[in-house]
Amino acid sequence: MAITMLFEGYDPEAAIEIWNYMIENNIKPFDMSASALLLGLCDLGRFSDLRRFADDMLDTRVSIYESTMTHLKDAFYKEGRAERDNFDGILTRWKLLEFLV
């Protein structure tokens, strides 16, 4: 997967460009690419970008894997109270989306 390879090659901006291109041109699978993008941003500690993309994904009903959410929870919770609260907001929206689907 291209997005994962770009994060492994330390080029997160190119990975974000590919994600944006996929969304703009409706190139699927969104769920695998969404997971790769969120995990890549998480591993780099880019929590503000991660929150923004997660919110956009949830707004457009892009599915986020439960395993991805578990990984994100661990990372956000290690960062302290403020990030934990941010993750809890994402988690609430994710659970609502999963319930509606």
Given the rule in the side-chain contact (heavy atoms from CB on, under 4.5 Å) test, do Glu13 and Leu6 qualify, once you have shown the distances and angles that lead to the verdict? CA-CA 9 Å; Glu13 298 310 316; Leu6 288 167; over 6 Å; no
Applying side-chain contact (heavy atoms from CB on, under 4.5 Å) to Tyr65 and Leu39, what does each step give before you reach the verdict? CA-CA 11 Å; Tyr65 297 139; Leu39 292 174; over 6 Å; no
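In summary, Glu83 and Arg51 engage in a salt bridge, as defined by a charged side-chain N under 4.0 Å from a carboxylate O. Salt bridge Asp55/Arg52: absent, no basic N to carboxylate O contact under 4.0 Å.
With hydrogens and angles disregarded, a donor-acceptor distance shorter than 3.5 Å links the side chain of Asn86 to the backbone of Ala82. The backbone N or O of Asp88 sits less than 3.5 Å from a side-chain atom of Thr92, completing a donor-acceptor pair. Proximity of a side-chain donor or acceptor of Ser35 to a complementary backbone N or O of Asp31 within less than 3.5 Å is not detected.
Using a 4.5 Å cut-off on side-chain heavy atoms (C-beta onward), Asn20 and Phe53 make contact. Between Leu38 and His71, the closest side-chain pair of non-hydrogen atoms is not below 4.5 Å. At least one side-chain heavy atom of Leu37 sits under 4.5 Å from a side-chain heavy atom of Phe7. By the 4.5 Å heavy-atom criterion applied to side chains, Ile90 and Leu58 are counted as neighbours. Side-chain contact check for Met69 versus Leu91: some heavy-atom pair is nearer than 4.5 Å.
Of all non-hydrogen atoms in Trp94 and Glu66, the two that sit nearest each other are CZ2-CA, 3.8 Å. Closest approach of Ser63 to Ala34, counting heavy atoms only: O-CB, 4.2 Å.
Hydrophobic clustering places Ile27 together with Phe30 (ILVMFWY residues linked when any side-chain heavy atoms are closer than 4.5 Å, directly or through intermediates). Under the 4.5 Å side-chain heavy-atom criterion for grouping Ile, Leu, Val, Met, Phe, Trp and Tyr, Met32 is connected to Tyr21 within one hydrophobic cluster. When the side chains of ILVMFWY residues are joined at heavy-atom separations under 4.5 Å, either directly or via intervening members, Trp19 and Leu44 end up in a single hydrophobic cluster. Hydrophobic clustering (ILVMFWY, side-chain heavy atoms < 4.5 Å, transitive): Tyr10 and Ile16 are in distinct clusters.
Atom-to-atom distance recorded for Thr4:OG1 and Asp43:CG is 10.0 Å, nearest 0.5 angstrom. In this structure, CD1 in Ile23 is found 9.0 Å from CG in Asp56, a value given to the nearest 0.5 Å.
Using cut-offs of 30° and 60° for the angle between ring planes, the Phe76 and Phe87 rings count as tilted.
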